[in-house]
Protein chains: 4
Amino acid sequence: MPKVSEEHRVARRAQIVAAARTCVVEQGFHKTTMADVIAASGLSAGAVYGYFKSKEELVAAIAEEALSAVDELFATVLAADEPLHPAMALERVLNYIVAIAERPGGDITRVALQAWAEALRNPVVMEIAAGKYRMLRSRFAEVARRAQADGTIPADADPEQVAQVLFGFVPGFILQRLLLGDITPESYTAGLRAVLRD
Amino acid sequence: MPKVSEEHRVARRAQIVAAARTCVVEQGFHKTTMADVIAASGLSAGAVYGYFKSKEELVAAIAEEALSAVDELFATVLAADEPLHPAMALERVLNYIVAIAERPGGDITRVALQAWAEALRNPVVMEIAAGKYRMLRSRFAEVARRAQADGTIPADADPEQVAQVLFGFVPGFILQRLLLGDITPESYTAGLRAVLRD
Amino acid sequence: MPKVSEEHRVARRAQIVAAARTCVVEQGFHKTTMADVIAASGLSAGAVYGYFKSKEELVAAIAEEALSAVDELFATVLAADEPLHPAMALERVLNYIVAIAERPGGDITRVALQAWAEALRNPVVMEIAAGKYRMLRSRFAEVARRAQADGTIPADADPEQVAQVLFGFVPGFILQRLLLGDITPESYTAGLRAVLRD
Amino acid sequence: MPKVSEEHRVARRAQIVAAARTCVVEQGFHKTTMADVIAASGLSAGAVYGYFKSKEELVAAIAEEALSAVDELFATVLAADEPLHPAMALERVLNYIVAIAERPGGDITRVALQAWAEALRNPVVMEIAAGKYRMLRSRFAEVARRAQADGTIPADADPEQVAQVLFGFVPGFILQRLLLGDITPESYTAGLRAVLRD
DNA sequence: AATGAATGAGACTTCATTCAT
DNA sequence: TATGAATGAAGTCTCATTCAT
């Protein structure tokens, strides 16, 4: 039989990850069975195992996909070269997160929460999560440096420490949105403006 | 061994939850088997099932226990009647969290992370988490009101929105501490002071 | 502690068997747990095991009790010395069975059905059932002999074979009553009169 | 081994039911474990559960199979269009039952007894048993009507009531055969001829 | 004698993965 | 390559019975 094209393989892989994601959004990593994924993907067991050697590998792929939303933040929201006020940066990030969460295919912030828990006992997922979050936080450090340049933040502050705080708002927002529900980028931003230096 | 006292039952229950907690800290809710818990508790399967009707019930108890650390924060750190500066309140909270996390018996912030993920597909855990976090956040709203009274925070801000932000620092701290590791109450507090109004 | 009186022991035993019977009527021998019986009897596990060494022994006692309804038939319905027409004998038996089945404490014909099934794999129950039914059938043989004496049944018939048939009506009645429900002593007796020699 | 034919599935199912039947013949429904059935079938646990979702479903299938012997009676013994004397009909039925019982694979009258007991607490089995027995009894009603046509049975009798009695002989025969053993179609038929109108 | 918590073997069932077709 | 039936280790939970108090 002819080898399938590389694009075909990539498309199939994406199809499987997408199917698996919808399962994980609803049931979490551990209650999602390979049979669930196989049924949702419309493929056969053998086909799925042709793309992912094990459930663990598939879990890593789903976690990777969900956490890669961070790359988008990186590329679009925080990429600007102009000085970016911290409150403004956060506002953009939160809006972007909600936009991503509401895309069809399931709220990937739910997958991110699963990934946080999974990272604690799965070194591969830990590696992915830590890598992504370190990158995002370093971008916040850049924001902090610019804010120091224009005096919004004291010049003697450590930008890495400031970045910890700025980054730290994000999981706080995601968690409250998923568990308590009564939070929006607007309400959170309003609170931020009341609390942050500006 | 019949006719045991109520305290005996309470102690046994605590013994089981403690054993289960150490398992969950290491392996998460789903990789922890009842056999693991049974072995760690030193009891028999039947005895454990005499106290918890199902694994689900035991999971809820562990989640409840871990999330009840919030009650301690409530009772000690945030209880003071004197005006409490938001940065000071957060500093106390973070120190307290680290103190709790380092207690023997396992880092319960790891269990909290598990509980966040579990809440998404387990209504009982969701109920527990949402209840605890709503209480904690309402305490932060109180802090915000006091801060408005002494002018630290603008008088026209909505204290509930401010509370969302103050509360939001906490999961941000916990997550960075567990996934990235390079964060301490001191570093975070320093960043906070640079960023917060004061 | 003083030994309890013999009557006390007998009463307790009866109390346990009665409790167990109500369980078996509803759930059968195998779905009835010792915990069910213990709860229904109002005694403790230890107490119940003081009277019955094992579940098997209790099952045998329940089966014995239920199948001993046959002794009552024996003593009352079929005891008469006067000639007893077969159809009349069966009519009396069926009426008696329904009367017993409707006594408070649960329909023991349901227990009898359980005992038939249990007898196939439990030699003790088999012994009890076979003994009781042999006795009842020998009484039907007596009825047959009397019926031969007054010419209702051909004189050259084997009364034991006739007894097989007369006895055989009884489980047929019990089974139809429990499984199909649409049968009464009256309807069955009417059918009998149409079919039997008289 | 994918893409198996429908016949393959049917054959596998029959293989499992046959294995289960031999277990049930010896030990009854409740003492038969799934492990017993799995071992007897020569398949794996997963394979068996691929055909039967639960033990309950398998029990229903075994009960159905055993009670479907009635369909054979229906098709062969009682199907004749010619007038059929009740005593003759019963004689044929009893002979057929013994023939079936002695087939290799285990005496299914033992399974029928189990099914009677199980029907009392299992609505699915009750449904099967009641359905089969209602059909068989309606066939006996037909026999009764023919017997009325040729005067063997009084014309004013209710054929349904007569059918209750004719049907009622059958469990009486089965039960005596299994519990007392000392009964044959010949002895029972001889008794019948002595007792029945003819 | 009575209690009932504790025991632990064993029941039922699931599910990640393989491999003959 | 693709299929999906089959595998079997391992998971959750039950329950007859015991025995320290």
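Chain A is the first sequence line, chain B the second, and so forth, proteins listed ahead of strands; every chain is numbered from 1.
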Whole-Å gap separating P (F/dC15) and CG (C/Asp36): 8 Å
C/Arg21 (side chain) donor-acceptor with C/Gly105 (main chain) under 3.5 angstrom: yes
Residue matched to E/dA1 through Watson-Crick or wobble contacts both under 3.5 angstrom: none
Integer-rounded Å distance: F/dT18 P and C/Phe52 CZ: 16 Å
Selected nucleotide, minimal atom distance to A/Ser54 side chain, candidates F/dT12, F/dA16, E/dT17: E/dT17
Earlier contact from the 5' end, DNA chain E, for B/Ala47 and A/Tyr49: B/Ala47
Any strand: nucleotide that pairs with F/dT7 via Watson-Crick or wobble, under 3.5 Å: E/dA16
Contact nearer the 5' end of DNA chain F, comparing C/Gly46 with D/Val48: D/Val48
Nearest-nucleotide 5' precedence on DNA chain F, A/Leu43 against B/Lys55: A/Leu43
Greater than 12 external heavy atoms within 6.0 Å of A/Glu57's CD: yes
Atom pair distance, as rounded to whole Å: CD1 in D/Ile38 and P in E/dG10: 16 Å
Rounded distance in Å - CD (B/Gln27) to C1' (F/dG11): 14 Å
Expected output: side-chain C/Lys55 to main-chain C/Thr32 donor-acceptor under 3.5 Å: yes
NZ/NE/NH1/NH2 to OD/OE distance under 4.0 Å, D/Arg110 and D/Glu26: no
Base paired to F/dC13 (Watson-Crick or G-U; both N/O distances under 3.5 angstrom): E/dG10
Rounded interatomic separation in angstrom, taking CD from D/Glu7 and P from F/dA5: 15 Å
Distance, rounded to the nearest Å, where D/Leu58 contributes CG and E/dC12 contributes P: 10 Å
Criterion side-chain contact (heavy atoms from CB on, under 4.5 Å) against D/Glu65, the qualifying member of D/Val17, D/Val111, D/Ile128: D/Val17
Among F/dT17, E/dA16, E/dA5, the one nearest B/Tyr51 by side-chain distance: E/dA5
A/Lys31 NZ - F/dG11 P separation (whole Å): 13 Å
A/Glu56 or C/Ala45, whichever maps to the more 5' nucleotide of DNA chain E: C/Ala45
Value in whole Å for how far the C1' atom of F/dC13 lies from CD1 of B/Ile16: 15 Å
